[in-house]
Amino acid sequence: MRRAALRLCALSKGLLPPGRGLTQGPQDPRKQGHFHIQEVRDKLREIVGASTNWRDHVKVMEERKLLHSFLAKSQEDLPPRRMKDSYIEVLLPLGSEPELREKYLTVQNTVRFGRILEDLDSLGVLICYMHTKNHATKMSPLSIVTALVDKIDMCKKSLSPEQDIKFSGHVSWVGKTSMEVKMQMFQLHGDEFCPVLDATFVMVARDSGNKGPAFVNELIPETPEEEELFRQGELNKGRRIALSSASLLKVAPSAQERTTIHEMFLSTLDPKTISFQSRVLPPGAVWMETTKLKSLEVCHPQERNIFNRIFGGFLMRKAYELAWATACSFGGSRAFVVAVDDIMFQKPVDVGSLLFLSSQVCFTHNNYIQVRVHSEVASLQSKEHTTTNVFHFTFMSEKDVPMVFPKTYGESMLYLDGQRHFNSMSALEILRKEHPVDP
Ligand SMILES: CCCCCCCCCCCCCC(=O)SCCNC(=O)CCNC(=O)[C@H](O)C(C)(C)COP(=O)(O)OP(=O)(O)OC[C@H]1O[C@@H](n2cnc3c(N)ncnc32)[C@H](O)[C@@H]1OP(=O)(O)O
């Protein structure tokens, strides 16, 4: 029964491990010599030849530039790869290694999702290095960076910090210099690993100095399931382009969205005055502007990635934790993350930057809270701020939450953008089935 359920979930998400079919569920990765979570970063360090001493970082980057000659002049010069070439499994043994648990523990005795985001990011990069492995060199001439977290869907409300977790993933689609990676997370339940999370990331290959794009190996799907995954990757690319061209930063809202905003506006006008200026909140509602929380992070070398920029996973963890605090304080009860989508890493963050995060509730529905986090950086010397990321998180609160009302046109656009993200959440259906009482 359980096996069938696992296959169904994986199939419905298009995430069956290549060439492995049903063998995924009950296996114990420790018996098969798969990676331990702590080996992932060590492996990455080895692949790119990163130093552990910050004082050596300039020298190491100079040495990496020598690998330039190993870069392919065209994609055709690189041998094509199969999905199974990049397939890896990684164990996070929270159950069997209690000393690891502390790092992942929340005060509510669940697993810190921010830590999972960090692990997924490192794992995604390692998967891409497996795909692009050049057997002629020990170190990779490629600098692989996270461009986009397309989607993360939770299939379970919260995770136990006392049971082992397993990640698996592989490259599912390839462009010229970009790669889509699909990852899944499972948690031990009895003697079986059950699916708890599905993630899709897009990574981009850059040259050895992380200065310009670099070609990656083509991907050859081998089975009908893999062809379907590849086709899905192609569709995802098209969908991203379509979404980007319909962005509210570029075009006006649809007729239905305009009606929504206008009706909300009308419902806030004071019936006692005939004026567009005097605004009154409907009963039980909250002005969007009062839901904000902000934070500042100093980006120390400890959080650098292998190319001396700030690690994408760290940025995601910090943004997630601020978003979670925003959702809890807004909803007045515990909040559980349900989905993450469309985190675009527009600009790298340099070590030493000041990272400003602003979080805000932008849409709600029953007990769902859609939170947006905007991140900007500035150097210590300059007051100029540059946007690096916009994060979108969907939370489920323990009880119903108030509606948020936009006051300005800009906030109305945030509301509609939040609504679009909320409506695109495929985890919604799964959660409705699993927790029929909650949502
Ligand atoms: C040292 C000791 C510590 C060690 C610790 C170990 C930690 C290990 C952790 C390691 C973790 C390390 C990981 C980290 O932490 S990486 C840190 C987080 N990420 C970043 O800092 C990236 C910041 N962004 C950029 O640098 C640029 O925006 C990039 C390079 C991403 C794109 O730049 P640009 O736009 O100029 O590029 P292009 O126009 O030439 O396009 C190139 C290709 O990219 C595709 N594309 C672009 N954008 C997107 C998008 N949004 N969705 C989908 N695809 C996108 C595009 O279609 C094209 O594809 P193709 O048609 O060629 O196929």
Side-chain angles (χ1 to χ4, degrees), residues 37-61 63-64 72 74-75 78 117-129 131-132 140 142-151 171 173-181 200-207 209-219 233-234 236-244 247 299-319 341-351 353 355 375 377 386-391:
I37 196 75
Q38 287 169 342
E39 287 173 285
V40 172
R41 287 205 185 191
D42 294 344
K43 191 87 197 145
L44 282 170
R45 223 180 249 130
E46 201 182 294
I47 292 170
V48 295
S51 76
T52 35
N53 275 335
W54 174 241
R55 82 176 104 85
D56 294 341
H57 74 276
V58 177
K59 191 172 124 231
V60 169
M61 280 310 278
E63 280 168 12
R64 266 192 64 71
S74 77
Q75 195 171 31
L78 295 165
L117 288 175
E118 289 185 318
D119 290 343
L120 285 170
D121 196 37
S122 307
L123 180 63
V125 175
L126 183 58
I127 287 172
C128 291
Y129 277 118
H131 176 82
T132 54
S140 173
L142 298 176
S143 308
I144 291 171
V145 299
T146 314
L148 176 80
V149 177
D150 184 75
K151 218 156 217 340
V171 172
W173 174 85
V174 159
K176 290 273 176 229
T177 67
S178 62
M179 291 161 277
E180 184 191 77
V181 177
T200 309
F201 283 42
V202 179
M203 308 295 186
V204 171
R206 316 269 298 158
D207 62 25
N210 194 6
K211 295 279 184 266
F215 292 111
V216 298
N217 309 58
E218 274 182 57
L219 179 66
E234 205 69 53
N236 286 343
K237 185 172 180 175
R239 175 182 50 84
R240 285 191 283 267
I241 293 169
L243 280 178
S244 149
S247 159
C299 296
H300 294 293
Q302 185 191 8
E303 309 303 344
R304 74 191 184 276
N305 68 18
I306 31 197
F307 321 111
N308 300 321
R309 295 281 175 61
I310 293 297
F311 170 43
F314 169 78
L315 303 175
M316 286 198 269
R317 172 160 65 86
K318 287 294 166 188
D341 82 322
D342 201 22
I343 300 179
M344 221 186 279
F345 289 88
Q346 292 162 12
K347 296 229 160 52
V349 176
D350 287 326
V351 172
S353 312
L355 177 73
S375 98
V377 288
T386 312
T387 298
T388 55
N389 300 76
V390 179
F391 302 85

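In each ligand, atom 1 is the first atom listed, and ligand 1 is the first ligand listed.
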query: What atoms of ligand 1 come within less than 4.0 Å of a heavy atom belonging to Gln346?
result: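 Reading through ligand 1 atom by atom, the close ones are 24 (N), 25 (C), 27 (C), 28 (O).
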
message: So if I count the atoms of ligand 1 from 1 in the order they appear, which ones are less than 4.0 Å from some heavy atom of Leu148?
response: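 Those of ligand 1 that fall under 4.0 Å from Leu148 are 52 (N).
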
task: Heavy atoms only: give me the nearest Val48-Leu142 pair and the separation to one decimal.
output: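 Heavy atoms only, the tightest pair is CG1-O, 4.3 Å.
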
Heavy-atom distances under 4.0 Å are what count here, so tell me which part of [X] touches ligand 1: side chain, backbone, both or neither.
| X | value |
| --- | --- |
| Thr177 | both |
| Ile310 | backbone |
| Leu44 | side chain |
| Met344 | side chain |
| Val125 | side chain |

- prompt: Does an N or O anywhere in Arg240 fall below 3.5 Å from an N or O of ligand 1?
  reply: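 Among all N and O atoms of Arg240, none is under 3.5 Å from an N or O of ligand 1.
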
Going by heavy-atom distance to [atom], choose the closest among [options].
| atom | options | result |
| --- | --- | --- |
| atom 13 (C) of ligand 1 | Thr146, Ile241, Asn210 | Thr146 |
| atom 33 (O) of ligand 1 | Gln75, Arg309, Arg206, Met316 | Arg206 |
| atom 45 (C) of ligand 1 | Val204, Leu126, Ile343 | Val204 |
| atom 40 (O) of ligand 1 | Ala214, Pro213, Pro301 | Pro213 |

- prompt: Hey, does the Lys NZ or Arg CZ of Arg309 hover above the aromatic six-ring of Phe345, less than 6.0 Å from the centre and inside 45° of the axis?
  reply: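 Negative - Arg309 is either too far from the ring of Phe345 or too far off its axis.
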
Contacts of Ser140 that satisfy side-chain hydrogen bond (donor to acceptor under 3.5 Å, both in side chains) - sequence neighbours left out: none

